[in-house]
Structures are given as structure tokens and as C-alpha cells.
Amino acid sequence: MSDLNQNYFEKITYRDALRLAMHDAMQEDKNIIIMGEDVANYGGAYGATKDLLKLFGKERVIDTPISEPAIVGAAVGAAMSGLRPIAELMYVDFFGMSMDQIANQLAKIRYMFGGQISAPMVLRTQGGTGRSGGAQHSQSLESWIMHTPGLFLSMPAKPNDAYHLLRHALKIDNPTIFIEHKLLYNTTGTLDKKNIGAPFGKANILRKGEDVSIISYSRMINYAEKASEILEKENISAEVIDLRTLYPLDRETIINSVKKTKRALVLSESYYTSSVPSEITSIIFENCYKVLKKPVIRYTAEDTPVPVAPNLEKNYIPTIEKIVEYTKKVCN
Amino acid sequence: MSNTLLPKLYKTMKRIRTFEERVSELFIKGESAGTMLHLSIGEELGPACVGTAMQENDTFTTHHRGHGIFVARGGDPNRMLAEIAGKKDGYCKGKGGSMHIADMKLGHLGANAIVGGGIPTVVGAAMSYKYLKEERVSVAFFGDGAMQQGILYESMNMASLWKLPVVFCCINNQYGMGTKIENAVGVKDFSKRAESFGLNTLHINDLDVESAYHKSKDIIDSARKFKPGFIEIECYRFYGHARMDKSPYRDESEESEKRKLDPISFASNQMIKNNILDEDDIKKIDDDIMIEMDKAMEFAINSPINEETEIFKDVYSENDPLPVSLDEKINKILNN
Ligand SMILES: Cc1ncc(C[n+]2csc(CCOP(=O)(O)OP(=O)(O)O)c2C)c(N)n1
Ligand SMILES: [Mg+2]
């Protein structure tokens, strides 16, 4: 992290944007701590907390035992008692064993206790396919969180959003689940620290279009952008909407866009059934059914566990070719 | 030449190491499915002694670093390497990969990518054996990292409460990824934890594989008589956590010092010193293993990839319809 005090970065990785966000937040707020497996010495399995130990010391950047339920639970307790923890789960798949602390404790503290207290913390983790990690290291489990009232949920795709959303999450009075994607860390983009362009609950229209709305988030945004470039050559003008946060969800931007284009494709690495994409699809249908020219299509991962075999894993999630193919059919 | 046990244990350890070297090569050749490959180089003693002390019908689960244990339990290197390559001939049709190898025929109830995830499985397996009056023991293999998972203690308590034929076996390689054991536990004496659940305990902290075998066998034999046990085997992870990890978090001097504690060269020296085998005999064993593992490499590389429809198989029973593919779902809607 060379020029920490720079305000504008022409090109920064998603990983460094996150590191910088944690760095800046920790300088501002002495009560922010980081805790998780290999976050200190190792710098995080995907490098997002690299060097923070050196800068902030081991009182604030804490390696934990491999004890996920207690990592989340202890962060909840610390958040209730004056600290603002950033807890890290190395893989989103570890929601499995942590879900009691996330859904029954963290999400419900404020409500159950009649609004006396909240647990203002951020739970950072990463998910998604692309490394042949298999059924227990490649999932997209955001739907579990969206299904649980009480939690903010952020899944940025771009470095600038990653920075600002994480900074924002570290200031608000709600617990936030922050899900990164393992194949986004090395992607790059600009970062403007001064331009607070990414408040929670505000989607970003990455590309204006007239014929169809492609609504997505996280890594699939990059697929949507590539597909829209191909579609443009075939005279189809796609509007690409990056939701950035799933709670709060920017329903208005989705609805306005689809009212304009009258066609929609929801794109996600999550499941087809009972999922974030199925929720967005029903929002569109409920609000836009009068103008829709075609059924809303949700293009997602297959409703199966994630296979290791690279040739199977590749087609398990959406492909750019198929996004183009389905979008053309929607516009037909 | 009365001692055939030590050569047998030596051969098992050497097969494990050579197999793992091939896994590493498979990665270098770009033929492995991904890089999440956790090698047991340096840790061969535990799998060899416990694996050999188990009986034919005994079963086991392993952690993510489980290749060595499966080799010791009779895993076929061809099908193992094919699995690691994500190929059709692999033990799980290439859908499980390195971290999920399993073979019900050989009693391998599954490797696991969730630290601690496979531990309660052996409790349930042992419940079955006891109920069905089968004389079998089920062994859970896991790393020192899993000693910090609550589910281990829930499982130990059940094993103790219900007097189950179970052994919990911790391969303590001193690290959980980049975190040294000292930074992960308040008290390092794992046996004490197991003792407090009433388990028979064994702590192995030397390189004598033959004596480790006899001691492990006692624990396993007691488990067969419904006295569950716990074995901790201390060792050292010679290389990185996974294939890509260069271990920047530990000193090279530590590594070179610890790599001297090599169970394989220790066993081979023991054999020579005690006139069990001479250098030529050992070389012959090593050469045969090389040939075996080279063939496995070839098998894995030449194994075909899966047809695309394989994604949808094995989600539900083969008597049930396959999940409908997205392509079918989406085209049906669009063609409406
Ligand atoms: C529940 C869970 N937490 C974290 C991880 C990530 N992870 C994979 S291996 C590993 C280290 C495990 O250490 P140990 O149990 O000692 O086994 P070793 O790798 O040393 O053989 C970690 C943290 C995981 N796979 N599962
Ligand atoms: Mg370990």
C-alpha cells in the first residue's frame, strides 16, 4: 500500500480497495478491530488484510483459531460492548456452521431486545466458483442472508464500490454481511475516495440501454458488461444495472429501468430456486407486468452442488455466450 | 529376515510421498483440477501406522489433507489421481476432487473440505456397527486445526456416552494454514482434552513408525471393544499449506531443521541398521513405487473428461428425475 494518502487511483485492484477501506476506517475509528483465520500474519487467504497487522498491531488485527461459530459470535458480543469488529470468514461456505450466530443471534439482537442494542459489525467473506474448489468452497449463499431480516447485505463488483460500501458499512448502526468474490480480487478499476458514489441501497446503472435490462451484482456484472458489448454489435441496447447492495435493495431503479425497456434478464451466480434472482424476478413481475413484452428470465447457476471438474464448473454458472443468446431471445 | 512389518510400513510411507509428488507434478503440468491441493509430505507416519493398524472392514473419514490416509488404506493411485485431475475415472467421477475423495468399498466415508466436517460421521458409523453387531471401528482423521472446532467435542462426548467403536485421530502438523499451533490454542496438550471425555489416549511424538503402529493398534483394538480412543500424531508439514503456498510466514531455518525429522529416511536407516533390508532392497522398493505412480500419472492424464450432463447426476437418487437444466427451463419459458 504505497500511496495511502492518495485520494484518486486510476487503477487499483478490488483487493487493494478493500484493504484501503479497512485501513482508512481503522485510522478514523480506534474501535475497529479485525478478527478471523489467518487475517494477521498471513494477510488473509485472499490477501485482503495484508500488512494491516504491521500497521495496526496484534491488538487490532487478530488471528483466530479455526472456530467459525465463535468468531462470528465473539464479534457480535464485541459489537454489543463498544467495539466495531470486522470479522472474516475465509469462505462463504462456512456460513453452514456459523448460521446460528449469524441468523439467530446477530440478525435478531436489536429486535429481540426491543431496540436496546445493536451489533454494528461487518462480516466479510468471499464466495463463488472459478477455482475448482468444489461443493464446499465455491458456493454463492447470499440468498440465505437476504432471507434473514435484520442484516444489511453488500456484494460489490467494482473497486470503487468495494471501498465506499465497506467504509459505509463501518459507520452505520446495522450489522452488514459483505460478500466478495474470489475471482474479483485481482480485477481492477478506478477509485475516487472523495466521491462517495456508493451508498447502501443505491444501484448503479453501469450502462444505459433501451431494449432490455440486465440486472446483476458481484462478479456476474463483469459478464453482463461484456455481453452487452457483444449485443451492441448486434443492435441490441442493453441497460446494465449493478445492484451493489441486496439489502437495502434499490427496487426503484430496477422497476424504472424495466418499465422503460420492457424486458429483463436477472443474472446471478446464486441458485435459480428460492434465491436472490428469484426474488428480483418477482419484484419485476409484480411491478411491471403491465408493460412486460416477454417473461423475465433469471439466468443463474444450475440447481446442483458445485462440481470440481473444470469443464463442468465452467458451465455450472452463466456463460457470456449464453447471456447473449438468452438476451437476444428476450429481445426477439 | 523375520521383520516384515517395518518394510511394509516403510513401503506405505514411501508410496504416500511418491503419490503426493505426482500430485504436485500434475499441478505443474496444468492437469490438476485447481490448486487446492493439500499434500501430506512429511506427515506419512500417522497415516501409515494408524491405517495399517485398522482392519479390513474398518471405516474412516479424512480432512482435506487426506491423500496419504487413503493410500495407506488401499486407495488406487490411478483413480485417486484421476479424481484430483477432475476426470471421469476418478473415485467420484471428478466431481469431488482432491478434497472430497471417497470410496465406500474401501470404507472411505469421505474426505472433507470443512475443517471438522467429517468427524461426527464416524460417530454415526459406529452407532450403526454397534446396532448391527458388526465388529468394525470407524476412525476420524483430522488436523490440529479441527481441535478448535466445537463439533469435535460434541462427537467425543457422544462416543464416550454411548461407548462407541470410534477413534479420533489428530494429525498435528503444527500449522493451520499460516497459523502456528501456539497462536491457535491456549493449552497444547490435546490428550488432556480427550482424557476428560473418558477416551483412551495416545500421543505419538517420534519417528519410530513400528512402535507407533503397535501403540495405535492397542487403541483401535480397545475401540473395537467399545472403548473409544484418541490418537495425536505430531509431525511437520514439510511444504506449503496448499500447492500455491510458499509459507512466507515461517523461517527457512525452521523448515530445513524440521525436514530432518523425516519418518521415511528414519525407517530406511532403521532397516539398514538392524539388517532387515539392505540399500539395494530398499532401492528396489522405491523403483517399483516410481513405476506404479508414473503409471497412475499417465492414467489420470489420459482419463476422459465428463460429459456435460454429469453436472445433473447424483443430486438425487438415480430413480428420481434429473434436475432440469437452466437451458431447458429458460428455453421453455422463452418459446412459450
Ligand atoms: C470450517 C473451515 N474453516 C476454515 C477452512 C479453511 N482452511 C482450510 S485448511 C485450513 C487449515 C487447517 O488446518 P489443520 O486442521 O491443522 O489441517 P492441515 O491443513 O494443517 O493439515 C483452513 C483454515 C476450512 N476449510 N473449513
Ligand atoms: Mg495442521
Side-chain angles (χ1 to χ4, degrees), chain A residues 37-45 58 62-70 90-91 93-94 96-97 130-138 265 271-273 294-318 322 325-326 328-330 332, chain B residues 32-36 83-88 90 92-100 112-117 143-151 176-180 183-185 241 245 248-249 305-306 308 310-315 322-327 329-331 333-336:
Chain A
E37 293 155 20
D38 285 297
V39 295
N41 243 332
Y42 194 94
K58 62 181 180 3
I62 304 163
D63 277 333
T64 64
I66 308 173
S67 311
E68 286 79 4
M90 202 183 281
Y91 285 78
D93 311 72
F94 311 153
M97 66 209 319
R131 290 196 59 214
S132 281
Q136 299 174 336
H137 272 59
S138 316
L265 183 131
Y271 287 125
Y272 184 86
T273 301
K294 273 283 168 87
V296 182
I297 294 303
R298 47 191 141 131
Y299 186 22
T300 61
E302 300 286 357
D303 278 342
T304 75
V306 189
V308 157
N311 68 313
L312 301 184
E313 191 196 32
K314 182 173 158 282
N315 291 318
Y316 166 84
I317 59 162
K322 286 273 180 187
E325 181 191 319
Y326 295 146
K328 275 159 72 176
K329 283 190 183 164
V330 168
N332 193 339
Chain B
S32 65
T35 65
M36 293 187 202
E83 186 60 36
I84 293 164
K87 299 288 189 66
K88 196 173 169 163
C92 310
K93 307 172 193 164
K95 292 199 279 192
S98 162
M99 296 197 288
H100 301 290
N112 218 295
I114 301 294
V115 168
D144 44 288
M147 290 300 298
Q148 279 55 259
Q149 286 286 356
I151 201 156
M177 251 181 86
T179 300
K180 219 181 165 122
N183 297 326
V185 298
H241 166 69
D245 175 28
Y249 41 81
I305 59 169
N306 280 298
E308 293 303 325
E310 190 57 49
I311 291 184
F312 304 102
K313 293 184 188 161
D314 306 318
V315 183
L322 293 180
V324 180
S325 77
L326 276 169
D327 206 45
K329 280 188 268 213
I330 292 175
N331 280 320
I333 296 166
L334 286 170
N335 296 335
N336 231 338

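Convention: sequence-line order gives letters A, B, ...; per-chain numbering from 1. Fair warning: this is a prediction, and the values are worked out from it, not measured in the lab.
Top candidate by heavy-atom pairs under 4.5 Å with chain A, chosen from B/Gly145, B/Gly117, B/Ser32, is B/Gly145. Contact count against chain B (heavy-atom pairs under 4.5 Å) is highest for A/Leu312 among A/Thr64, A/Leu312, A/Asp93. Contact count against chain B (heavy-atom pairs under 4.5 Å) is highest for A/Val308 among A/Thr300, A/Val308, A/Val330, A/Asn332. Of the listed residues (B/Asn183, B/Asn112, B/Val324), the greatest number of heavy-atom pairs within a distance under 4.5 Å of chain A belongs to B/Asn112. When the candidates B/His241, B/Lys329, B/Lys180, B/Lys88 are compared by the number of heavy-atom contacts under 4.5 Å with chain A, B/Lys329 comes out ahead. Listed options B/Asn335, B/Ile114, B/Asn336 were ranked by heavy-atom pairs under 4.5 angstrom with chain A; first place goes to B/Ile114. In terms of non-hydrogen atom pairs under 4.5 Å with chain A, the most contact-rich of B/Ile305, B/Asn306, B/Val315 is B/Asn306.
Listed for the A/Glu302 side chain is no donor-acceptor partner under 3.5 Å among the backbone atoms of B/Ser325. Between the side chain of B/Gln148 and the backbone N or O of A/Pro65, no donor-acceptor pair lies under 3.5 Å.
Taking 4.5 Å as the limit, every side-chain heavy atom of B/Thr179 sits out of range of all side-chain heavy atoms of A/Glu37. Side-chain contact between B/Ile330 and A/Glu325 is absent, with no heavy-atom pair separated by less than 4.5 Å. Residues A/Gln136 and B/Met99 have side chains not in contact (no heavy-atom distance under 4.5 Å, counting atoms from C-beta outward). For the pair B/Val115/A/Glu68, no side-chain contact is recorded, criterion being any heavy-atom separation below 4.5 Å from C-beta on.
For A/Ala301, the part sitting under 4.5 Å from any heavy atom of chain B is the backbone (N, CA, C, O) and nothing else. Looking at B/Lys93, neither its backbone nor its side chain comes within 4.5 Å of chain A, counting heavy atoms on both sides. Neither the backbone nor the side chain of B/Val185 comes within less than 4.5 Å of any heavy atom in chain A.
A/Lys294 contributes atom NZ, which lies 6.0 Å from atom CG of B/Leu334 (distance to the nearest 0.5 angstrom). B/Ile311 CD1 to A/Asn311 CG: the interatomic distance, rounded to the nearest 0.5 Å, is 8.0 Å. Going from atom CE of B/Met177 over to atom CG of A/Asp63 covers 10.0 Å, rounded to the nearest 0.5 Å.
For the residue pair A/Asp38 and B/Gly178, the shortest heavy atom distance occurs at OD1-N, 3.1 Å. Listed here is the closest heavy atom pair of B/Ala113 and A/His137: O-CE1, 2.9 Å. Between B/Gly86 and A/Ala309, the closest heavy-atom pair is O-CB, 3.2 Å.
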Report task. Kindly determine whether B/Asp327 and A/Tyr299 satisfy side chain to side chain donor-acceptor pair (under 3.5 Å), including the steps that lead there. Result -> CA-CA 9 Å; B/Asp327 206 45; A/Tyr299 186 22; over 6 Å; no

Query - side chain to side chain contact (heavy atoms under 4.5 Å, CB included) assessment of A/Tyr326 paired with B/Asn331 - result: CA-CA 8 Å; A/Tyr326 295 146; B/Asn331 280 320; 4.2 Å; yes

Report task. Go through B/Met147 and A/Ile66 one step at a time and tell me if the side chain to side chain contact (heavy atoms under 4.5 Å, CB included) criterion holds. Result -> CA-CA 8 Å; B/Met147 290 300 298; A/Ile66 308 173; over 6 Å; no

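Residues passing the ring-ring contact (aromatic ring centres under 6.0 Å, His included) test with A/Tyr42 are B/Tyr249, sequence neighbours excluded.
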